[in-house]
Amino acid sequence: MISAIILAGGSGSRMKNSLPKQLLPLAGKLVLHHSVEFFLKATFVHEVIVVLAQEYRIHCPYPKVVFAEPGLRRQDSLANGFTKLSSGSSYILVHDAARPLMRFEDVQALVEEGKKVGAATLAVPATSTMREADLQGIVTRTPRRDSIWEIQTPQFLTRELLEKGLNKAQLEAIEVTDDVGLAELLDHKIQLVKGSASNFKITMEGDLERAAKLLQ
Ligand code: C5P
């Protein structure tokens with residue numbers, strides 16, 4: 001059984017809006033609704049858990065959705081979502097509510113590859129050169145561009161990897177910025193699955209307009 005955990009517990013401070021970005025309007029509904037409806041429609045997904053603050057749940061009126069409380073950090077929200085999984089669930093898709101433009105074929109490919117490896121994520125090859133720099137802005141490393149991928153969600157993990165990774169992160173006070181990072185903590189292989197550039201995260205002013213145009 002596959003469960004989807006949609007993370008919608010962030011405050012969206014980068015957009016200077018009173019509502020978090022996942023609750024802003026986009027093409028006739030809210031940003032969050034796009035991913036909730038995507039997973040409710042996907043026949044290979046058996047349950048949908050949405051991590052969303054109590055005060056906002058009125059904006060997510062889907063009877064089949066199970067809610068979880070947000071945590072302080074993204075990974076705390078994920079840990080709270082994890083506690084809501086039903087016992088029969090063996091694979092998890094974790095998704096940022098702020099990415100409303102998933103493509104069905106991409107997520108299907110992710111699940112297929114994820115089942116083989118145990119941990120997988122959608123990603124797109126970097127289109128710009130990426131450099132690492134120190135706090136003074138001095139370049140410390142320039143990785144080969146063809147080895148660099150920009151990571152997206154959904155991310156796929158077996159229940160076992162997710163549980164062990166969350167436990168390890170908690171016990172050793174390690175912060176991860178994405179979900180397959182938990183598999184990495186356990187030295188487990190992670191498969192990148194090529195996704196689409198349209199699956200970008202609504203982050204800055206202007207991103208909503210860009211998403212609305214793509215949905216037209
Ligand atoms: O802040 P950022 O854009 O990285 O957040 C990615 C996703 O994680 C968003 O959909 C946000 O709502 C969610 N999140 C969360 N709980 C937090 C922080 C972020 O569910 N404490």
Side-chain angles (χ1 to χ4, degrees), residues 3-27 29-40 45 47-60 62 65-85 92-103 106-107 110 121-124 130 149-157 162 165-166 169-170 173-184 195-212 214-215:
S3 305
I5 300 180
I6 301 176
L7 300 175
S11 59
S13 50
R14 273 171 293 193
M15 298 242 322
K16 297 187 211 86
N17 246 298
S18 53
L19 276 177
K21 59 197 174 188
Q22 59 275 18
L23 296 178
L24 297 177
L26 171 64
K29 41 189 140 182
L30 305 186
V31 170
L32 170 65
H33 296 166
H34 291 269
S35 32
V36 172
E37 289 177 15
F38 178 97
F39 287 119
L40 287 175
V45 172
E47 71 180 343
V48 179
I49 295 162
V50 177
V51 181
L52 184 65
Q54 191 85 43
E55 60 185 302
Y56 297 135
R57 290 184 191 170
I58 190 165
H59 300 300
C60 189
Y62 301 90
V65 158
V66 174
F67 289 106
E69 267 307 300
L72 210 54
R73 301 165 302 171
R74 188 182 185 285
Q75 74 196 69
D76 304 319
S77 289
L78 174 59
N80 291 350
F82 182 85
T83 65
K84 299 289 176 174
L85 290 177
I92 330 294
L93 285 165
V94 187
H95 185 62
D96 285 343
R99 292 182 192 270
L101 291 164
M102 271 172 284
R103 289 184 54 206
D106 293 344
V107 181
L110 173 73
T121 178
L122 288 184
V124 285
M130 300 281 174
W149 292 67
E150 185 184 334
I151 302 303
Q152 302 181 333
T153 69
Q155 304 202 345
F156 178 103
L157 287 150
L162 185 51
L166 283 169
Q170 165 84 29
I174 299 170
E175 192 161 339
V176 291
T177 51
D178 69 353
D179 318 296
V180 289
L182 296 167
E184 199 174 15
S196 308
S198 56
N199 183 28
F200 63 90
K201 186 163 72 170
I202 307 279
T203 311
M204 307 299 202
E205 303 290 341
D207 288 346
L208 272 174
E209 288 75 6
R210 188 177 152 208
L214 287 167
L215 283 164

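Order of appearance sets the numbers: ligands from 1, and atoms from 1 within every ligand. None of these values were measured; they are calculated from a predicted model.
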Colleague: Hey, does Pro70 come in under 3.5 Å of ligand 1, counting only N/O atoms on both sides?
Modeller: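 In fact, backbone or side chain, Pro70 has no N or O that close.
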Colleague: Rounded to the nearest 0.5 Å, what separation is found between the CG atom of Leu52 and the CG atom of Leu32?
Modeller: 6.0 Å
Colleague: Can you list the atoms of ligand 1 that are under 4.0 Å from a heavy atom of Gln22?
Modeller: 12 (O)
Colleague: Do the charged groups of Asp207 and Lys201 touch, with an N to O distance under 4.0 Å?
Modeller: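 Judged by the 4.0 Å cut-off on N to carboxylate O distance, Asp207 and Lys201 do not form a salt bridge.
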Colleague: Looking at non-hydrogen atoms alone, which of Leu32, Ile6, Asp96, Val51 comes nearest to atom 8 (O) of ligand 1?
Modeller: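 Among Leu32, Ile6, Asp96, Val51, the closest heavy atom to atom 8 (O) of ligand 1 belongs to Asp96.
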Colleague: Which value, rounded to the nearest 0.5 Å, describes the distance between Thr177 atom OG1 and Ile151 atom CD1?
Modeller: 9.0 Å
Colleague: Nearest non-hydrogen atom to atom 13 (C) of ligand 1 belongs to which of Leu7, Leu78, Thr203, Ile5?
Modeller: Leu7
Colleague: Any nitrogen or oxygen of Leu72 lying under 3.5 Å from a nitrogen or oxygen in ligand 1? Just yes or no.
Modeller: yes
Colleague: Indicate, as side chain, backbone, both or neither, the part of Lys201 found under 4.0 angstrom from ligand 1 when only non-hydrogen atoms are considered.
Modeller: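 Within the 4.0 Å criterion, Lys201 contacts ligand 1 through side-chain atoms alone.
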Colleague: Tell me the closest heavy-atom pair linking Leu214 and Ser198, and the distance in Å.
Modeller: CD1-CB, 4.1 Å
Colleague: Can you tell me if Lys21 has a non-hydrogen atom under 4.0 Å from ligand 1?
Modeller: yes
Colleague: Which of the numbered atoms in ligand 1 are under 4.0 angstrom from any heavy atom belonging to Ala97?
Modeller: 10 (O)
Colleague: Which value, rounded to the nearest 0.5 Å, describes the distance between Phe67 atom CZ and Ile6 atom CD1?
Modeller: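 Here the interatomic distance stands at 10.0 Å.
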Colleague: In terms of atom number and element, which parts of ligand 1 are under 4.0 angstrom from non-hydrogen atoms of Arg73?
Modeller: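 Near Arg73, meaning under 4.0 Å from one of its heavy atoms, ligand 1 has 17 (C), 21 (N).
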Colleague: Do Ser77 side-chain atoms and Leu7 backbone N/O form a donor-acceptor pair below 3.5 Å?
Modeller: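 No.
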Colleague: Looking at Gln22 and Ala97, would you say the former's side chain and the latter's main chain have a donor-acceptor pair under 3.5 Å?
Modeller: no
Colleague: Just to be sure I read this right, does ligand 1 sit under 4.0 Å from the backbone of Ser77, its side chain, both, or neither, counting only heavy atoms?
Modeller: side chain
Colleague: Please state which part of Asp76 comes within less than 4.0 Å of ligand 1, counting heavy atoms only: side chain, backbone, both or neither.
Modeller: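 Neither; nothing of Asp76 gets under 4.0 Å from ligand 1.
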Colleague: Strictly below 4.0 Å, N to O, side chains only: are Arg74 and Glu175 in salt-bridge contact?
Modeller: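 Answer for the salt bridge query: no.
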